[in-house]
Amino acid sequence: MRLPAFLADQRRLRRVLSSSSATLATLTRLHALLLISSSHHLLASLAAAYARAGALDAAESTLAGSPASPSSIPAWNALLAAHSRGGSPGTALRVFRALPPAARPDSTTFTLALSACARLGDLATAENIKDCAFEAGYRKDVFVCSALLHLYSRCGAMEDAVRVFDGMPRRDRVAWSTMVSGFVSAGRPVEALGMYRRMRQDGVEGDEVVMVGVMQACAATGDAQMGASVHGYLLRHGMRMDVVTTTSLVDMYAKNEQFDVARQMFRMMPYRNAISWSALISGFAQNGHADEALDLFREMQVSRLQPDSGALVSALLACADMGLLKLGKSIHAFILRRLEFDCISGTAVINMYSKCGSLASAQMLFNRVGSGDLVFWNAMIACYGAHGRGRDALALFQELNETGIKPDHATFASLLSALSHSGLVEEGKFCFDRMIKEFGIEPAEKHYVCIVDLLARSGLVEEANNLLASMQTEPTIAIWVALLSGCLNNKKVELGETIAEKILELQPQEVGVLALVSNLYAAAKKWDKVREVRKLMKDSGSKKVPGYSLLEVRGTRHIFVMEDQSHPQHQEILKMVAKLDSEMRKMGYVPRTEFVYHDLDENVKEQLLSYHSERLAIAFGLLNASPGTRLVIIKNLRVCGNCHDAIKYISKIADREIVVRDAKRFHHFKDGACSCGDYW
DNA sequence: ATAGGGTTAG
């Protein structure tokens, strides 16, 4: 072929350059030809072709080497897009900054640059780019605007996203769906669902992507009915049930505790990835079905799919829940051998050690990994809190401040809870103040729960009550509950009754909440009120979670439930309990029958107290565990004040360290003293 | 001609 003739055939040239099938060799050859002919137009097309073929350096040098003009913008865009897709948004931004001024960026350019900022979480640069885009006349551009929506929601600035969204003259499905998933990831699922409703009212139908966001929202709110209707919508509209969509369905059903449906969906998936497994495993693990979670985890191990860190993290969650230290340790070892030790799995391991009572192992891991990741620190602060080590939590918080990492809402939730459980009232108040004033964090529900708990626990119920009066919004059930439980523990029955009324007005469904209210009325000896609330409990339909205690002896787990006679050593255990009881009494133990909230005879109350599940578990442990080893009991409910007393005596009699983990934290009993800062 | 939205786990 004669070169000049070939160059003259512009149409044919264009076809070669815009098809994505041109090989690199062809492109380099053409490059040489075009340089000779110095055709700027064609050089730009060539650069775009380079970018599409993955030769990004060649694309950039071609562009930089030819004079800039608006006609080179598609090529620059192709280059930016390639960097973005290739996962290097930083480079994309560098290229954007290096754009020659004569090449006028268009809507696509700005959209790509903003999307790179979103990926990097670089709000400052984005603001700059936004200004340029607006100046260039793209203020109303759908693409630029949705890129902004995505940017703001990824940077936790939902209010800015809302502002942009409200200013959009035209909103397409992508804009709506960005808002839906934005609200979901901001932890505001109710507003996410609101967005979806508005979208439908606007006459816009959902597609797979929107519906995934809606499903996440349903999972977060626990709205099972809405969830099922979304499922129906997907089927009715014949949507593509790919891995992502189906995994979201599985996740939603599992989070809503519809395990049969979740499992069925999972089994029907033609193709599953590691995320699908993790979704189901964690669904079980987080809802008290650790056994099934671990069964699935084992099944995943035997399937071809290697467990990734997500599945391991879910399995660790199940170990933490059940206090399975041995299995947890082996997963830790597996991660060390086979995977990169990332922050998420590191945090999960710390959490597992924490929940299994191995404060020392958690500390060791924390010190060895030494990470700059905030959540990692948060987990360790929470771990100290769970072990009643408020001062250590505070010290770690101060250390965190010295690193320059900014604490977040979760840091303060863990810290306040640690201080509360250690009775460090002044420190707690001070931290609550600092959180608001110095760190500019608006207290959320959980923070109010902590601070009210902190005050009320140490008897300052009036101060706690005043704090609630100063709140901007109405206190929620959880906040009232913290106050009420302080009233109950400090025998402030009168104030307690008014709070109980408020809680009942909010119509709580949770049995635990109703039980607390009922106990308060029992403490006030208002037995007709007690009956009333007990009836509510019965009508609420939700089953009371039976209290159980669990311990592992020589690798086997034993579960004890009050009044359960099924254990093969039942008679022996009862004898042991009685023996301990009489020895404790000789040492001065007096059963604290005020913890039995029923209208019963005193001696019946005393008997009931002796058969709490942790007492049975401890008796079993003393009979079977090797002498001198520590007994770690995992209990799903709180340890009552009487058991707390009793275990101190037992620990002294048996000369053993006894550790009881209740729903919230650990009580380390050694030589009759509990190392947890406060009582219960 | 081309760009913006989606799955688990701390």
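By convention in this document, chain letters (A, B, ...) are assigned in the order of the sequence lines, proteins followed by strands, and residues within each chain are numbered from 1.
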**Item:** Candidates B/dA3, B/dG10, B/dG4 - which lies nearest the side chain of A/R119
**Value:** B/dG4

**Prompt:** Considering only side-chain heavy atoms of A/V209, which listed nucleotide, B/dT8, B/dG4, B/dG6, is closest?
**Reply:** B/dG6

**Prompt:** Side chain of A/I275: nearest nucleotide among B/dT7, B/dA9, B/dT2?
**Reply:** B/dT7

**Asked** Reckon A/L317 touches a base, only the sugar-phosphate, or nothing at all at heavy-atom distances under 4.0 Å?
**Response** sugar-phosphate

**Message:** Any side-chain N or O of A/R173 below 4.0 angstrom from OP1/OP2 of B/dG4?
**Reply:** no

**Asked** Taking N and O atoms by type only, does the side chain of A/S345 place a donor or acceptor under 3.5 Å from a partner on the base of B/dG10?
**Response** no

**Request:** May I have the distance from A/M215 (atom CE) to B/dT8 (atom C1'), rounded to whole angstrom?
**Result:** 14 Å

**Prompt:** Does CZ belonging to A/R104 count more than 12 external heavy atoms closer than 6.0 Å?
**Reply:** no

**Fill in**
Side-chain contact check for A/D373: nearest option of B/dG10, B/dT8, B/dA3 is B/dG10

**Asked** How would you label the contact of A/T246 with the nucleic acid (heavy atoms, under 4.0 Å): base, sugar-phosphate, or nothing?
**Response** nothing

**Request:** Check if the side chain of A/D172 and the base of B/dG4 share a donor-acceptor pair of N or O atoms closer than 3.5 Å.
**Result:** yes

**Message:** What's A/V210 touching, base or sugar-phosphate or nothing? Going by heavy atoms closer than 4.0 Å.
**Reply:** base

**Message:** For B/dG6 and A/Q216 - does any side-chain N or O of the residue sit under 4.0 Å from the phosphate oxygens OP1/OP2?
**Reply:** no

**Message:** Tell me whether the side-chain N or O atoms of A/D207 pair up with the base of B/dG6 as donor and acceptor below 3.5 Å, since no angle test is needed here.
**Reply:** no

**Request:** Measure from the side-chain heavy atoms of A/T111 and tell me the nearest of B/dA3, B/dA9, B/dG6.
**Result:** B/dA3

**Item:** Atom-pair distance (NZ on A/K355; C1' on B/dA9), nearest Å
**Value:** 14 Å

**Request:** Check whether the side chain of A/D242 and the base of B/dG6 form a donor-acceptor pair under 3.5 Å.
**Result:** yes

**Request:** Assign A/R85 to base, sugar-phosphate, or nothing according to its heavy-atom contacts below 4.0 angstrom with the strands shown.
**Result:** sugar-phosphate

**Prompt:** Which of these nucleotides, B/dA9, B/dG6, B/dG10, is closest to any side-chain atom of A/T347?
**Reply:** B/dG10

**Request:** Taking only the side-chain heavy atoms of A/Q286 (C-beta and beyond), determine which of B/dT8, B/dG6, B/dG10 contains the nearest atom.
**Result:** B/dG10

**Request:** Figure out the CZ/P separation between A/F266 and B/dT7, and round it to whole Å.
**Result:** 18 Å

**Message:** By the 4.0 Å heavy-atom rule, please label A/F376 as base, sugar-phosphate, or nothing.
**Reply:** base

**Asked** Should A/T403 and A/W377 be marked as a side-chain contact (heavy atoms from CB on, under 4.5 Å) after you check the CA-CA gap, both sets of side-chain angles, and the distance that decides it?
**Response** CA-CA 11 Å; A/T403 66; A/W377 287 78; 3.9 Å; yes

**Closest nucleotide among B/dG10, B/dG4, B/dT8 to the A/S278 side chain** = B/dT8

**Message:** Measuring centre to centre across the rings, with the benzene-like ring taken for any Trp, is A/F143 within less than 6.0 Å of A/F110?
**Reply:** no

**Fill in**
Of the candidates B/dG5, B/dA3, B/dG10, the side chain of A/S177 sits closest to B/dG5

**Request:** Would you kindly say whether A/Q363 and A/Y384 are connected by a side-chain donor-acceptor distance under 3.5 Å?
**Result:** yes

**Request:** Could you state the atom-to-atom distance from CD1 of A/I335 to P of B/dG10 in whole Å?
**Result:** 13 Å

**Message:** Please report the distance, rounded to the nearest Å, between CG in A/L112 and P in B/dG5.
**Reply:** 10 Å

**Asked** If you take atom types as modelled and just measure distance, does the side chain of A/T247 reach the base of B/dT7 with a donor-acceptor pair under 3.5 Å?
**Response** yes

**Message:** Applying a 4.0 Å non-hydrogen cut-off, can you work out what A/N273 is touching in the nucleic acid: base, sugar-phosphate, or nothing?
**Reply:** base

**Request:** Check whether any side-chain N or O of A/H150 sits under 4.0 Å from OP1 or OP2 of B/dG4, and answer yes or no.
**Result:** no

**Request:** Could you tell me whether A/R236 and A/E205 have a side-chain N and a carboxylate O separated by less than 4.0 Å?
**Result:** no

**A/I129 CD1 to B/dG4 P, straight-line distance once rounded to whole Å** = 14 Å

**Prompt:** Once the angle between the rings of A/F259 and A/F284 is folded into 0 to 90°, is it parallel (under 30°), tilted (30 to 60°) or perpendicular (over 60°)?
**Reply:** parallel

**Prompt:** Rounded to the Å, how far apart are A/R171 CZ and B/dG4 P?
**Reply:** 21 Å

**Prompt:** A/N128 and A/T125: side-chain donor and acceptor closer than 3.5 Å?
**Reply:** no

**Request:** Verify, without hydrogens or angle tests, whether A/H387 (side chain) and A/S354 (backbone) share a donor-acceptor contact under 3.5 angstrom.
**Result:** yes

**Asked** Any donor-acceptor pair under 3.5 Å joining the side chain of A/T178 to the base of B/dG5?
**Response** no

**Message:** Counting the atoms with a prime plus P, OP1 and OP2 as sugar-phosphate, which does A/V250 contact under 4.0 Å by heavy atoms, base, sugar-phosphate, or nothing?
**Reply:** nothing

**Request:** Could you check whether A/T245 gets within reach of a base, just the sugar-phosphate, or nothing at all, counting any heavy atom under 4.0 Å?
**Result:** base

**Asked** Starting at CZ of A/R154 and ending at P of B/dG4, how long is that distance when rounded to a whole Å?
**Response** 13 Å

